[in-house]
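Input: a single structure, listed below in structure tokens.
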Amino acid sequence: MIQSVSTNRRYIIIAIFLSVGIIYLARFFYIQVIDDSYIKSAQHNFLRPVTQFPSRGLVYDRKGKLLVYNEPVYDLMVTPKLIKGMDTAEFCALIGIAREEFDKKLRLAKKYSRDLPSPFEKQLSKETYGTLMEKLDDFPGFFVQPRTLRRYNDRTAAHLLGDIGEVDSATVKDSKYYRDGDYIGKSGIELTYEPELRGKRGSKLMMVDVHGRLMGSFENGKYDTLAEGGENLTTSIDAGLQSYGEELMQNKIGGIVAIEPSTGEILAMVSSPSYDPNLLVGRLRAQNYGKLLTTDNNPLYNRALLSSYPPGSTFKIIMSLVAQQEGVLFPETRYPCAMGYPPGGGKPACEAHPSPCDLAMAITYSCNSYFCYVFKSVLDKKGFNSFEESFTSWRKHILSFGLGRKLGVDLPTELGIGVPTIEHYDKVFGEGHWKSSTILSLAIGQGEMGVSPLKMANVMATVANRGYYYIPHVVKAIGDKQFQFEKYTTKNYTDVESKYFDIVIVGMEDVVQSGTAAASKVSGIDICGKTGTAQNPSGKSHSVFVGFAPKDNPKIAIAVVVEHAGWGAEWAAPIASLMIEKYLTGTITRPEIEKRIKNGVILPVPKVAVNNER
Amino acid sequence: MRDNKGILQNIDWITTSLYFLLITMGWICIYAADYNEEHSKVFDFTQNHGKQLMWIGGSLIIALIFLILDGKFYSAFAYIVYGITIVLLIAVLLVGRKVKGSVSWFEIGSFKLQPAEFAKFATTLVLAKYLSNMNIKLNDTKTKLVVFTILFVPIILIILQNATGSALVYLSFVFVLYREGLSGNYLLLGFIAIVIFILALLVDKLTLIIIFASIIFIVFLLARKNKRNILSLLGIFAICSGMVLSVDYVFNHVLHEYQRGRINVLLGKEQNIKGSGWNVHQSMIAIGDGGFFGKGFLKGSQTTFDFVPKQSTDFIFCTVGEEFGFVGVFVVISLFLFLLVRIIQLAERQRSSFSRIYGYGVASILFFHVMINIGMTIGLAPVIGIPLPFFTYGGSSLLAFTMMLFVFIRLDAHRLQILG
């Protein structure tokens, strides 16, 4: 009996051993075969995706000259969780920061994520990078990530090229692509062509050990995605013309825009004062940006696109066209002029010139009185039910030239206003209390009228094309593909028929041949233009010139504004003529004029000139 | 009388082969766990795998010596071995070196020895010796007291070394005692005590006591004819309730902080992945990462990149799990189970009760180690840091387990010389 009890007990003990074994095997089977969350955790443990930054697209000018490229820099990254027993003092000394700054940066990194790497110190200097790489193994949790910085070859076209900066948190929140610390276009074509320039981030799976040290590529890069570089952009800018324009505008305030009429491509876009685009790059970006913000005459402001200047006499071109279209003005229409309107020293006043003028002559001599008559004839034309109706019709014609609204240029911002509305005058004068004579200053491009150099240049392109324009744009080609957006290859017709342009062009030709801008005549080039002397409330008149050349088959349309420089003929017209000559022939035949312009200093108050040096 | 020449024919080759298989696998795992390319040579004695190779060599020599010694020797010298061990356990408290909080190591040069590992062997010998006396009856109170003393002297000394895990191993002798006639109620009571301890930590105490009361009442209704039952039922109820109420005290005042943490992690009350739970969490990740077939030798990402803590000692089984997958786990666990069953089979065929009791002792201790060590890698047992026999890196435990096993193999080979 005892024997059988012991036998039973033997089996009970064996049964206990075996059941524990079986329970364990079942558990192992569950962990290893059924539940795959452990495999994921394992990968999370030892795989670290390392971002492969795409190289941002390069930017060329229309002749293939490199304008913007990338320069390699190194960011120090940190994964807070992996930091272990490090010599903080040595580390701080190594990268040259104070202990408090170290703590602050680490706190920020922890706030972002304890498990994910975030930038600790950006753009290490080459020396710091060198010494740090030797000792990086002593600082688990830290690693260096290569990245590139934008560099601008010539220091030109800062406003147009724009800059890149760190993406803000709101964008990160809304976007599926951007992550903290990414760079994004902030202005210029860097902003408008961000998706093309950016490229696509890649990812490389690296193996790390428990201390976060990189142990090599996972499975020979089987799961890696390569970064796709951004597309290169070929701009329509002529870099030579652009820097020449900037040179001419040095120590002056204002803007130049030059457009190829047959395509709408912007050849040059100068806003003065300007700055070196390389200032807004890298770790000094914020600091330099702050400096530029407080520099005199606000060099960050893109006057070529945003400034609202009274067009002055250049507006007479549009008035001539609109009035002809309305059937109230003919080439042979003559109006008398006696030093002003109404005759006899009225306001607006007028200069001494042969009188009475026909249309071409009125343009050539820029007769204010003539255009006051023209303006009244348009607005007081019979056949409209009310003055509001005729004003609205007039306004619509003006808008068809691209004034008073955004043109749609491929840059982030542009002037969108500038042609007053009925509501505006009703508010100022009271409904029914204003008429054509009340707003007569519009006739000569003064009053509430406001245009940017871009709009003026576009009007000139329209005149050059005898009635239509292409939306001005700065990019010619993306990657290898020719730029094919319908938006920029569609002709935009004005309300004025082509046949009305010829007489105006005749008048404009005479402006440069024998009229107000005769001093800016360039032999061998048939320039058509119009000067403007734009009165403004803030000081001396702006010197304005608009034009195109040559008269037949025009290659360049241009607008120049020099703030507070006085007569259009004195500064703006010679600058435009130099630009045109430079672009069409590549040489300058009138060095004495070039010298005068370059040396000219027209700044509102004698302040320190804006220094483009870095 | 058969002569000793036949000893190699008489030893149980199944057990011996299992031993060789297990130490080979163990060594492979140590090699993989500490692998780095600069030290990939097998005989690199600066590395754990190289050192372990020396320990394996030493163990094999000891095994051979133990096989050559007369089978009667062990029984005769049991008390002396036990006595020496107790002296060593006391000595280590006085001159031992503190390693990670426990004072359980003698250090002689670069050579370290842990007497607690050998104490299991000595205790098994003495227990077998004592219980194999002709006149012993395990149900006598005096016998129980002596057995209790034999076990608790080393237990107390080991607890004093702050190596509670090693002390808990002695609980495994309950299997030996059960086999030798101790009432099965002790096994059952032990089991119930564990269940109550766990329940008391997880469930509200009042609820638990009410549940006990209801169970007792139902049992009472079913068996109310016998008055004696009522008293014992009330007694059981009182003990259970008392346990429930004292669990908190024991848990909060007797156990150390780290022990509380481990228990909380085991019960899933604490998801402390950084602290107490980290080891087990990483261990389970590594094992889970192995999948069915494993990642392959030296290809385990978690073990290679040091995510698993103590991977050549306490968590050596993770290497099996990750690099050889469920297949490897199945093979190793099966080999251990096979070894345990084989030892019990052999024990049962002994003519001398000394050999039988000793065999059960070996099986019980091996079982406890395997159960706890493997269990803790998958979160089924508390992390008490006891080695996996034949696998875990370290000389003391390998030598001790080898001695223990080969004494039994020697006793088994000797069995035919003993008159039944």
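Sequence lines set the chain letters: A, B, ... in the order given, protein chains first and strands last, and positions in each chain run from 1.
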With only heavy atoms counted, which part of B/I287 is less than 4.5 Å from chain A, the side chain, the backbone, both or neither?
both

Quick one: does any side-chain atom of A/Q32 pair with a main-chain N or O of B/G290 as donor and acceptor, under 3.5 Å?
no

May I ask you to name which of A/I31, A/I16, A/I14 has the most heavy-atom pairs under 4.5 Å with chain B?
A/I31

Can you tell me how far OG of B/S283 sits from OH of A/Y38, rounded to the nearest 0.5 angstrom?
9.5 Å

Please identify, among B/S334, B/G325, B/A347, B/G379, the residue contributing the most non-hydrogen atom pairs under 4.5 Å to chain A.
B/G325

Where does A/I12 contact chain B at under 4.5 Å (heavy atoms): side chain, backbone, both or neither?
side chain

Can you find a pair of side-chain heavy atoms, one from A/F17 and one from B/M371, that are under 4.5 Å apart?
no

Which portion of B/A286 sits near chain A, non-hydrogen atoms under 4.5 angstrom:
neither

Answer yes if the ring centres of B/F326 and A/F28 are under 6.0 angstrom apart, and no otherwise.
no

Counting only heavy atoms not in B/K144 (residues, nucleotides, ligands), do more than 12 fall under 6.0 Å from its NZ?
yes

What's the spacing between A/S41 OG and B/M284 CE if we round to 0.5 Å?
10.0 Å

B/I344 versus chain A, heavy atoms under 4.5 Å apart: side chain, backbone, both or neither?
side chain

Run the side-chain contact (heavy atoms from CB on, under 4.5 Å) check on B/V341 and A/L18 step by step: do they pass?
CA-CA 9 Å; B/V341 172; A/L18 291 181; 4.2 Å; yes

Main-chain N/O of B/L380 paired to A/R27 side chain as donor or acceptor, under 3.5 Å:
no

Could you tell me whether A/Y177 atom OH has more than 12 heavy atoms of other residues or ligands within 6.0 Å of it?
yes

Decide yes or no for B/F367 and A/I13: does some side-chain heavy atom of the first lie under 4.5 Å from some side-chain heavy atom of the second?
no

Taking all heavy atoms of A/R10 and all of B/E348, pick out the closest pair and write down the distance.
NE-CG, 3.0 Å

Quick one: what part of B/I374 sits under 4.5 Å from any heavy atom of chain A, side chain, backbone, both or neither?
both

Determine whether the aromatic ring centres of residues B/F317 and A/Y24 are separated by less than 6.0 angstrom.
no

Heavy atoms of other groups near A/K122 NZ, more than 12 under 6.0 Å:
yes

If you tally heavy-atom pairs under 4.5 Å between each of B/F330, B/F292, B/Y178 and chain A, the highest tally belongs to B/Y178

